[in-house]
Amino acid sequence: MTQPDHPRLRSALEGIPSYRPGRPATTTGDAPSYKISSNENPYPPLPSVLDVVRSEAARFNRYPDMFATGLVAAIADRLDVPTGRVATGTGSVGVLQQVVQATAAEGDEVVYAWRSFEAYPIVVQISGARSVQLPLTGTEQHDLDAMAAAVTERTRLVLVCSPNNPTGTAISGADLERFLDRVPRDVVVVIDEAYREFVRDAAVPDAIDVARDRANVVVLRTFSKAYGLAGLRVGFAVAHEPVAAALRKTAVPFGVSSIAQTAATASLAAEDELFERVEALVKERSRVHDALREQGWAQPASEANFVWLRLGERTTEFAAACEAAGVVVRPFAGEGARVTIGETEANDIFLRVAATFSPSAATA
């Protein structure tokens with residue numbers, strides 16, 4: 001029998017899409033360049049958070065608390081949930097992978113909207129499960145009716161991103177409750193709220209409240225966005241005890257570093273100061289949105305820290321024009337571009353480029 005000349009790997013990995021991070025800014029000449037491609041918080045860490053990080057750094061020769069006991073207690077207190085319902089991980093995407101590992105395997109199905117967070121098809125395919133993608137509506141919203149109808153006996157998990165990455169649209173409480181009523185109770189529903197702190201539409205619920213009496217609902221949150229800890233990789237899930245326990249079983253041991261735990265706990269204690277920054281970003285988001293509408297763009301209002309432009313075949317051209325002007329955005333070829341709300345100067349550069357690509361400019 002002929003022996004293979006290479007290691008045997010799982011067939012589920014064949015053709016797996018690669019996650020594409022936002023490209024870094026590249027400075028040319030004396031002109032500054034801005035990275036508004038990764039939905040990062042443009043503000044530097046708070047001094048109070050930096051102080052505790054510096055102190056904790058002197059002890060990183062030791063393993064961290066594997067169960068993040070102090071951080072879990074702080075999260076539970078902040079959200080008014082039992083500590084047994086909180087599970088941590090390496091960012092919300094790390095916790096998402098824990099959820100998929102705990103729920104889906106070969107032959108199972110995972111339902112989600114598309115386009116949505118680009119990590120979804122990656123973590124689903126790694127598990128061996130099959131992605132069932134339902135197109136967004138014409139207004140860039142989740143088609144919840146189509147998603148509910150797509151649930152079958154093989155469905156083990158449904159992913160709902162609200163606000164949705166990359167379109168920024170969020171789901172109302174009434175629509176979400178109606179959708180959850182249609183999903184079988186033995187199917188886990190993840191509500192991915194990575195951008196919850198930027199939501200200002202009163203019709204959009206806090207999913208923690210929605211999940212309190214629904215045993216199959218899991219809520220994902222992160223410290224990467226509003227809290228400005230993207231480089232430390234710490235996120236968490238709020239779920240009922242059996243699911244939360246499963247997420248702890250599928251977590252990478254000691255995955256959340258002691259520095260990340262300390263910084264996240266300190267950030268919760270400094271929320272008043274942090275949320276002043278969030279409010280400034282929300283105000284800037286409104287300014288950018290209004291300017292785009294004046295230019296003739298019809299993109300929906302965003303409830304996240306970014307805006308979405310549906311550019312179709314001009315997406316790559318638009319991204320190149322932005323980079324040439326001094327800002328790096330996140331293009332999705334053939335579809336559109338996601339643009340993070342960053343420094344005022346960066347937003348102004350983006351708006352100048354957007355004006356030359358706007359529908360009104362095309363017909364002028």
Side-chain angles (χ1 to χ4, degrees), residues 12-13 16-22 38-41 53 60 63-72 74-76 79 83-105 110 112 116-129 131 156-162 164-165 188-197 207-208 211 217-239 243-265 267-268 304:
L13 302 181
I16 193 168
S18 297
Y19 186 89
R20 295 185 179 181
S38 294
N39 296 343
E40 297 155 326
N41 190 320
V53 165
F60 64 56
Y63 284 111
D65 175 357
M66 190 166 111
F67 299 108
T69 309
L71 175 58
V72 166
I75 292 170
L79 299 177
T83 56
R85 291 192 179 186
V86 180
T88 59
T90 54
S92 59
V93 68
V95 185
L96 171 66
Q97 189 154 11
Q98 293 164 226
V99 175
V100 175
Q101 289 176 328
T103 58
V110 180
Y112 54 91
S116 193
F117 183 31
E118 63 182 307
Y120 292 167
I122 297 173
V123 296
V124 171
Q125 188 168 333
I126 288 172
S127 75
S131 287
R156 295 293 176 266
L157 180 64
V158 179
L159 307 177
V160 177
C161 192
S162 181
N164 186 47
N165 177 10
V188 173
V189 179
V190 166
I191 304 176
D192 187 345
E193 287 195 318
Y195 302 93
R196 169 63 203 174
E197 293 83 5
I208 302 295
V217 174
V218 177
V219 182
L220 299 187
R221 297 277 179 90
T222 183
F223 286 92
S224 296
K225 310 304 181 184
Y227 292 89
L229 304 183
L232 293 181
R233 312 309 302 129
V234 54
F236 63 94
V238 175
V243 177
L247 301 188
R248 287 187 281 273
K249 290 179 181 179
T250 54
V252 174
F254 307 108
V256 182
S257 73
S258 56
I259 291 176
Q261 293 179 36
T262 299
T265 304
S267 296
L268 287 172

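Note: hydrogens, waters and symmetry copies are ignored here, and every other heavy atom, side chains too, is used. Here the structure is a predicted model, which is why all the values come from computation and not from measurement.
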Rounded at 0.5 Å granularity, tell me how far [atom1] in [X] sits from [atom2] in [Y].
X    : Y   : atom1 : atom2 : answer
T250 : Q97 : OG1   : CD    : 9.0 Å
L247 : L96 : CG    : CG    : 10.0 Å
F236 : T88 : CZ    : OG1   : 10.0 Å
S267 : L71 : OG    : CG    : 9.5 Å
S257 : Y63 : OG    : OH    : 14.0 Å

**Study point:** Whether over 12 other heavy atoms sit under 6.0 Å from F60 CZ
**Key:**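 12 or below, so no.
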Practice item. Show the numbers, then the answer: is there a side chain to side chain contact (heavy atoms under 4.5 Å, CB included) between V110 and Y120? Key: CA-CA 9 Å; V110 180; Y120 292 167; over 6 Å; no
Practice item. Check step by step if side chain to side chain contact (heavy atoms under 4.5 Å, CB included) holds for R196 and R221. Key: CA-CA 8 Å; R196 169 63 203 174; R221 297 277 179 90; 3.7 Å; yes
**Study point:** Partners passing side chain to side chain contact (heavy atoms under 4.5 Å, CB included) against S131 (at least two apart in sequence or in another chain)
**Key:**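 Counting only residues at least two positions away or on another chain, S131 forms a side chain to side chain contact (heavy atoms under 4.5 Å, CB included) with Y112, P121, V124, Q133.
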Any donor and acceptor pair, going by atom type alone, linking the side chain of [X] with main-chain N or O of [Y] inside 3.5 Å?
X    : Y    : value
Q261 : D65  : yes
E193 : A207 : yes
N41  : A226 : yes
S38  : E40  : no
S162 : N164 : no

Point to revise | side chain to side chain contact (heavy atoms under 4.5 Å, CB included) evaluation trace for V100 with S127 | key: CA-CA 7 Å; V100 175; S127 75; 3.6 Å; yes
Check your understanding: When V234 is tested against each of I259, T265, T262, V256 for side chain to side chain contact (heavy atoms under 4.5 Å, CB included), which residue passes?
Key ->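 Only one of I259, T265, T262, V256 forms a side chain to side chain contact (heavy atoms under 4.5 Å, CB included) with V234, namely V256.
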Practice item. Could you point out which residue of V160, I191, V188 forms a side chain to side chain contact (heavy atoms under 4.5 Å, CB included) with V217? Key: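 Between V217 and the candidates, side chain to side chain contact (heavy atoms under 4.5 Å, CB included) is satisfied uniquely by I191.
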Between [Y] and [X], is there a side-chain heavy-atom distance shorter than 4.5 Å?
X    : Y    : answer
L268 : F223 : yes
F117 : I122 : no
D192 : L159 : no
V218 : V238 : no

Closest contact, heavy atoms only, [X] versus [Y]:
X    : Y    : answer
P64  : S258 : CB-N, 3.3 Å
A244 : G84  : CB-O, 3.3 Å
A263 : V53  : CB-CG2, 3.7 Å
Q98  : G89  : OE1-CA, 3.5 Å

Exercise for review: Go through the steps for V93 and L220 under the test side chain to side chain contact (heavy atoms under 4.5 Å, CB included), then give the verdict.
Suggested key: CA-CA 9 Å; V93 68; L220 299 187; over 6 Å; no
